[in-house]
Amino acid sequence: MEEKEWVLEQDRLDQVRNKLQASMDKLEPEVAGLRDQAAEIRKRFWEDLTINTATTDDFEDTFYSVQQQSAMLAERERVQKQMIQRWKSMNRLLPSPYFGRIDFLEEGTEHSERVYIGVSSFVDEDELSFLIYDWRTPIASLYYDYSPGPASYDTPSGRIDGRMELKRQFQIHDGRIVNMFDASETIGDELLQQVLGQGANSQMKSIVSTIQKEQNAIIRNDHSRMLIVQGAAGSGKTSAALQRVAYLLYKNRQSIRADQIILFSPNPMFVSYISTVLPELGEENMQQTTFQEYLDYWLGSTLRPEDIFDQTEYVLTEQGTSGYEARVQGIEYKASEEFLLALQNYGLWLGREGMRFNSIQFRDRELISVKRMRDEFYSYERTLPLNHRISQLQEWLLDELTKLERAERDASWVQEELNYLDTDEYAEAFGELHKESELLDLAELYASVREKMNNKRRGDESDFDFGLREEDLLLRRIVKEHFKPLRKSVKKFSFVDVKSIYGQLFVDEVAYREQTNGVDVPGLWPEICRQTKETLLSNKLFHEDATPYLYLKELIEGVRTNTEIRHVFVDEGQDYSSFQYEYMKKLFPRARMTVLGDFGQAIFMQATNLSATDSPIIRLYGEAETSLIRLMRSYRSTREIVEFTKGMLPDGGEIAPFDREGHKPLLRRIASGSKRDARILVDIAALRAEGFESIAVITKTAAESREAYESVRTQGSEALQLVTKETKDFEKGVMIIPVYLAKGIEFDAVLIYDASPEAYGRDNERKLLYTACTRAMHRLYLYSTGEWSPFVHALHPDVYETASD
């Protein structure tokens with residue numbers, strides 16, 4: 001590019017930076033002033049306020065005075081927050097104000113508009129013009145979607161057609177233009193080469209300067225109720241999803257808050273890995289959790305659900321053991337649509353018969369029996385939904401407890417407890433009894449005490465014994481406190497024996513078919529039943545039972561819906577079952593859903609094929625409200641690594657590598673395990689000497705990770721980190737990690753600890769090895785003390801190098 005262009009662009013950059021700095025300097029004292037004002041209002045809030053409730057008018061005056069002061073404080077804080085956000089936005093822009101420029105000539109106009117694009121907008125207050133456009137503005141979509149030539153973009157008022165005359169990309173550091181390209185493609189390869197050639201970081205970074213056209217379609221999709229992104233490893237699915245969150249918050253700023261968006265992450269460490277992306281773009285983080293954390297929250301107090309990682313450890317390590325095949329069949333069946341239908345039919349059957357309840361016990365005696373509950377429940381209108389009838393039963397139980405509580409006041413134990421109250425307890429109780437809230441039902445109290453007096457003597461009511469009144473109040477309080485846990489348990493539906501109701505499904509095949517209207521069962525159903533009942537008896541749940549158990553529980557008690565959530569994001573979406581998707585749909589009825597995944601990395605048993613035409617996830621909202629976007633270009637790894645890894649998948653030929661060159665993967669055959677561990681340390685040292693800071697030794701299982709950690713550590717002094725399912729933070733360095741915890745994360749270099757047929761020989765282990773290898777950005781080493789995995793052995797020798805020790 002001509003030097004003149006560099007000079008002009010640098011001059012323009014300097015002017016923008018000067019205006020940014022001037023605006024920041026002007027804003028700082030205003031922010032400080034508002035902060036002081038808000039602090040002063042808080043300080044004087046009560047000093048300037050007179051509380052007067054003597055009359056209705058005085059109370060109203062006090063109320064409106066409080067309301068006025070509160071509104072004034074809220075307005076000051078709102079303006080202050082906006083100013084602080086503006087200041088932070090300009091501060092983020094200052095080192096690198098923008099990354100792109102387009103010159104766009106709109107149809108019907110004579111002069112093109114220069115549009116500079118950055119992570120947020122900046123307006124020249126003097127000329128009232130945009131010096132920088134936020135990357136999420138409608139016109140900025142031109143930068144991502146078009147090459148120079150005819151172009152158009154959508155606005156709230158309609159489509160704007162025209163011609164892009166120039167597209168330019170910048171790399172700016174600390175106010176200086178380092179690189180500048182005029183691009184003919186969507187985003188020029190030059191910039192991507194440099195960005196992708198950098199080392200892995202401990203936290204994911206924003207990709208707004210390198211968003212590709214297909215990623216932009218994901219980010220700006222506004223019409224789909226369900227958006228499915230099926231993308232190859234390293235295709236930028238998660239990055240695009242996070243930019244999508246930022247876009248949604250920008251576009252719908254008046255109607256959606258960050259806490260109305262939730263992301264289900266694959267594991268707790270991933271939450272840490274992506275935590276800085278949105279703040280980097282000036283947005284608050286959305287809610288982030290794992291599906292397991294949700295299950296633990298609702299089941300942890302009564303049942304201990306197994307997590308998906310322990311389930312996976314079982315599947316990968318217990319082959320050949322007693323009951324293994326039945327457990328695997330059970331995992332597949334309980335994740336299926338057939339089992340979902342079975343539970344729905346079971347709910348209808350329970351409406352006719354088979355409900356199980358827990359009796360209500362009090363002081364070693366039965367207050368309300370299971371038979372009375374069952375008779376009452378089945379006396380209700382049978383056409384009502386199951387949960388409505390349970391609500392009716394709940395109200396009946398609360399009424400019955402009220403009657404029983406009243407009768408219990410005359411029990412001998414109540415008088416005994418009253419006699420044993422010590423002075424402090426009596427004084428405390430006596431004080432509480434005189435609170436207004438405890439004296440609302442005076443008519444009932446008076447009648448009760450009067451009846452006691454009449455039983456003792458007949459006389460003038462003016463001789464009313466107020467000592468009896470106080471005694472009766474204490475008796476009422478004692479009984480009420482003892483009945484409070486009973487009421488609380490009824491309100492929590494503890495009278496429904498959900499565990500027995502779920503276990504009732506697993507008696508035998510004949511009963512199951514009757515209860516589910518003839519739904520078929522797997523071949524090893526008797527053993528599946530035995531395993532399920534045995535686990536329930538120990539107050540545990542298999543992972544595959546956790547979501548169905550909650551689903552059944554909510555069929556009975558009513559669905560716990562969250563209508564506040566407007567968008568649900570599911571990362572590694574192929575690892576969720578159709579059952580779990582159905583559950584999430586019920587849980588968030590007002591939400592749109594974005595699901596990101598890669599069936600090539602479906603390493604868990606309950607995997608769902610996101611892009612299959614008959615996929616249950618597509619049927620969830622219907623084809624009309626579902627969009628499917630496929631990302632087949634892989635950006636994470638070098639071309640050599642992608643050519644190696646895509647050959648492991650039957651349909652891997654569709655994956656296209658980004659043309660970033662590097663070293664071929666290295667297959668290193670080692671004579672023994674101890675020599676392998678020593679060699680790994682040598683290779684790690686060499687990689688670190690080259691400047692690679694993020695290195696992962698990936699194992700098949702957590703058990704193998706622990707063994708490798710102990711073994712490798714004894715071979716040298718290299719600092720190693722063992723990553724487990726409890727690890728919360730992702731950090732740079734050398735880590736030993738099982739493959740299922742490495743999902744979604746990238747490393748400068750990956751070392752596959754054992755690539756033998758013993759580790760990755762079965763067909764269901766193909767995707768495990770593929771997932772492990774695709775974590776590598778720059779270098780990939782595989783080790784074996786014998787033969788190679790068949791998925792490696794089948795690759796063409798041209799895609800790797802070999803070495804032997």
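Below, all heavy atoms of this structure are taken into account, side chains as well, without hydrogens, waters or symmetry copies.
The aromatic rings of Phe339 and Phe506 are tilted relative to each other, their planes meeting at an angle between 30° and 60°. Taking the six-membered ring where tryptophan is involved, the planes of Tyr380 and Phe377 are perpendicular, since the angle between them exceeds 60° and thus also 30°. Ring pair Tyr576/Phe291 is perpendicular by interplanar angle, where above 60° counts as perpendicular and below 30° as parallel.
Taking the charged nitrogens against the carboxylate oxygens, Arg560 and Glu554 do have a contact shorter than 4.0 Å, which makes a salt bridge. Ion pairing between Glu283 and Arg136 holds under the 4.0 Å rule for side-chain N and carboxylate O. Of the charged side-chain nitrogens involved, none lies within less than 4.0 Å of a carboxylate oxygen, so that Asp598 and Lys237 do not count as a salt-bridged pair. In this structure, Lys743 does not pair ionically with Asp571, as no charged nitrogen and carboxylate oxygen lie closer than 4.0 Å. Taking a cutoff of 4.0 Å between a charged side-chain nitrogen and a carboxylate oxygen, Glu313 and Lys700 do not qualify as a salt bridge.
Between the side chains of Gln344 and Tyr551, at least one donor N or O sits under 3.5 Å from an acceptor N or O. A donor atom on one side chain and an acceptor atom on the other are found under 3.5 Å apart for Tyr502 and Asp545. Neither side chain, Gln392 nor Gln394, offers a donor N or O lying under 3.5 Å from an acceptor on the other.
Looking at Met286 and Leu278, their side chains come closer than 4.5 Å, going by heavy atoms from C-beta outward.
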Inset, instruction - Give the intermediate values and the outcome of ring pair (Phe, Tyr, Trp, His ring centres under 6.0 Å) for residues Trp525 and Tyr333. - result: CA-CA 10 Å; Trp525 185 248; Tyr333 180 70; 5.8 Å; yes
